[in-house]
Amino acid sequence: MTNNDPQDTTARPPYRSGFVAVVGRPNVGKSTLINALIGTQIAIASSRPETTRKAIRGVLTLDNAQMVLVDTPGIHRPRTLLGQRLNDVVDESLADSDEIAFLLPADQEIGPGDKRILSRLRSQFATKNADGGFTWKVPLIAIVTKIDELNRTELIDKLIEVNEFAQFADIVPVSALKDDNLREVSNVLVEHLPEGPQMYPAEQISEERPEETIAELIRGAFLEELHDELPHSLAVVVDGIEYPRDNESGQAYDGKARVLVSIYVERDSQKPIIIGHKAEHLVRVKKKLRTAVNRIVGTKAQLDLHVSSHRYRRRSRTATWRARATT
């Protein structure tokens, strides 16, 4: 029986939805946090700065809300054209945000980079009051990451420091790697979202096409694997995903999908660096991404990697190194 009593206080809370921009200095754990909240890897989580080159949008659907978490490149003082472009991507991502999650690592002092980001956010999302304080147009949430690096006393001191840094609507400590307080992060972000309808199907976890997500994960895995051996010019393109189907009937059958991937470097001399001795780098990257790729594709998959220099866009026996492994 439906309860139509207007005084009923047990009614479900209103549904909330919106875009949450996840901002912070490079390498403060933005991608790691988003992956942990979504429950699978959709963004590159790497210790190498400037790994995220575009805004990755992860979709988290809950019973009472749906939020789109926008993983932005780290905001920093640009020293190169790439750095300026990454900052431009941040500007574009912030424009449509309903809420901002400002990540501050617990194991590092608040420094000039954090102050620069706060100033930038204030100029776009806040107005200065007569008393010198600021009124924010959208909620600003402080997410204090990597709390597993501190003891209890150190954490309390850090939270006091963060509270004095800016007028945050909420402050939430978290360790995404240790799965510590993740639920509270999700609850706080939902609490500050505006009321609104569900924007995406419940099963959708990213705005990216599967090909784009896989390409980003492969690029990040190579950057992490090779550390400083390879410049950021590495480019990855997923040429297609072939699902097992009968050639005549077109009917699908059990088997592994093939993910066709082209990896481009600037010079031929860099190809052996990517491949490694006896293809060891390719093997390790494929093993690392096995679970993530299978989830994105929706079935067990086989990565078919081709490494070539930028000036060779066609696959050929002379211009391409080929390695295949089952993931």
Side-chain angles (χ1 to χ4, degrees), residues 13 15-47 51-52 55-72 74 93 97-108 114 138-152 154-156 158-159 161-163 168-194 198-200 202-208 213 216-217 220 224 288-289 291-292 295-296:
Y15 198 87
R16 298 180 180 276
S17 64
F19 290 79
V20 180
V22 182
V23 305
R25 289 184 283 111
N27 199 26
V28 294
K30 297 184 294 293
S31 298
T32 300
L33 177 64
I34 289 177
N35 289 336
L37 288 171
I38 298 296
T40 191
Q41 189 174 12
I42 64 165
I44 301 176
S46 171
S47 60
T51 298
T52 301
I56 305 296
R57 292 175 170 85
V59 182
L60 176 61
T61 303
L62 306 168
D63 290 339
N64 61 332
Q66 185 178 76
M67 57 180 162
V68 182
L69 298 159
V70 185
D71 182 18
T72 62
S93 303
S97 300
D98 299 296
E99 181 179 351
I100 299 171
F102 190 169
L103 269 59
L104 296 160
D107 60 341
Q108 300 174 31
D114 301 305
V138 297
L140 179 68
I141 313 298
I143 308 293
V144 182
T145 62
K146 306 180 182 181
I147 62 172
D148 51 294
E149 301 288 339
L150 306 183
N151 60 38
R152 182 176 178 80
E154 291 171 333
L155 177 58
I156 292 174
K158 183 64 181 182
L159 294 178
E161 179 191 14
V162 171
N163 185 58
F168 293 107
D170 248 313
I171 301 174
V172 193
V174 66
S175 172
L177 285 178
K178 302 291 185 179
D179 195 14
D180 185 1
N181 217 34
L182 270 175
R183 184 180 293 275
E184 182 63 16
V185 171
S186 177
N187 290 341
V188 168
L189 293 178
V190 167
E191 178 184 340
H192 290 279
L193 284 175
Q198 181 173 321
M199 300 176 289
Y200 299 90
E203 66 275 7
Q204 186 170 339
I205 62 172
S206 175
E207 275 195 346
E208 306 294 308
T213 301
E216 280 290 287
L217 295 181
E224 191 73 14
K288 180 178 182 179
L289 296 179
T291 300
R295 285 178 177 173
I296 293 169

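None of the values given here were measured: they were computed from a predicted structure.
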pair E191-P139: side-chain heavy atoms closer than 4.5 Å
no
Considering non-hydrogen atoms only, spot the tightest contact between V68 and R57 and give its length.
CG1-CB, 3.7 Å
Is there a side-chain contact between L37 and L182, using heavy atoms and a 4.5 Å cut-off?
yes
Any side-chain heavy-atom pair of S186 and L62 under 4.5 Å:
yes
Nearest-0.5 Å distance that lies between atom CG in L33 and atom OG in S175
10.0 Å
Here's a test for you: under side-chain contact (heavy atoms from CB on, under 4.5 Å), which of L189, T61, V59 qualifies with M67?
L189
Nearest 0.5 angstrom please: L103 CG to S31 OG, how far?
10.0 Å
Q66 side chain vs Y200 backbone, donor-acceptor pair below 3.5 Å:
yes
Roughly how far, to the nearest 0.5 Å, is CD1 of I38 from CG of L60?
5.0 Å
Please round to the nearest 0.5 Å and tell me the distance separating atom CG of D71 and atom CD1 of I34.
4.0 Å
May I ask you to decide if L193's main-chain N or O and R16's side chain share a donor-acceptor pair within less than 3.5 Å?
yes
Minimum side-chain heavy-atom gap V174-E184 below 4.5 Å:
no
For the backbone of Q108 and the side chain of K158, can you confirm whether one donor and one acceptor N or O come within less than 3.5 Å of each other?
yes
Just by modelled atom types, is the P173 backbone N or O under 3.5 Å from a matching donor or acceptor in the N181 side chain?
yes
Ignoring hydrogens and geometry, is there a side-chain-to-backbone donor-acceptor pair from K178 to K146 under 3.5 Å?
no
Inter-residue atom distance L155.CG - D107.CG, 0.5 Å rounding
11.5 Å
For the student: nearest non-hydrogen atoms of A101 and I143, plus distance:
CB-CG1, 4.0 Å
Closest non-hydrogen atom pair between V162 and F168, with its separation
O-CE1, 3.4 Å
At their closest point, which heavy atom of D114 faces which heavy atom of F102, and how far apart are they?
O-CZ, 3.6 Å
Using only atom types and a distance under 3.5 Å, with no angle test, would you say the side chain of Y15 pairs donor to acceptor with the backbone of N64?
no
To the nearest 0.5 Å, how far apart are CG in L69 and CD in E99?
9.0 Å
For atom CG of N151, decide whether the heavy atoms of other residues, nucleotides or ligands shown that lie under 6.0 angstrom number more than 12.
yes
Any idea which heavy atoms bring M199 and S17 closest together, and the distance?
CE-CB, 4.2 Å
Check whether any side-chain heavy atom of T32 sits under 4.5 Å from a side-chain heavy atom of T145, and report yes or no.
no
Grab the two heavy atoms, one from N163 and one from I171, that are nearest each other, plus how far apart they are.
CA-CD1, 3.6 Å
Is any side-chain heavy atom of D148 closer than 4.5 Å to a side-chain heavy atom of D180?
no
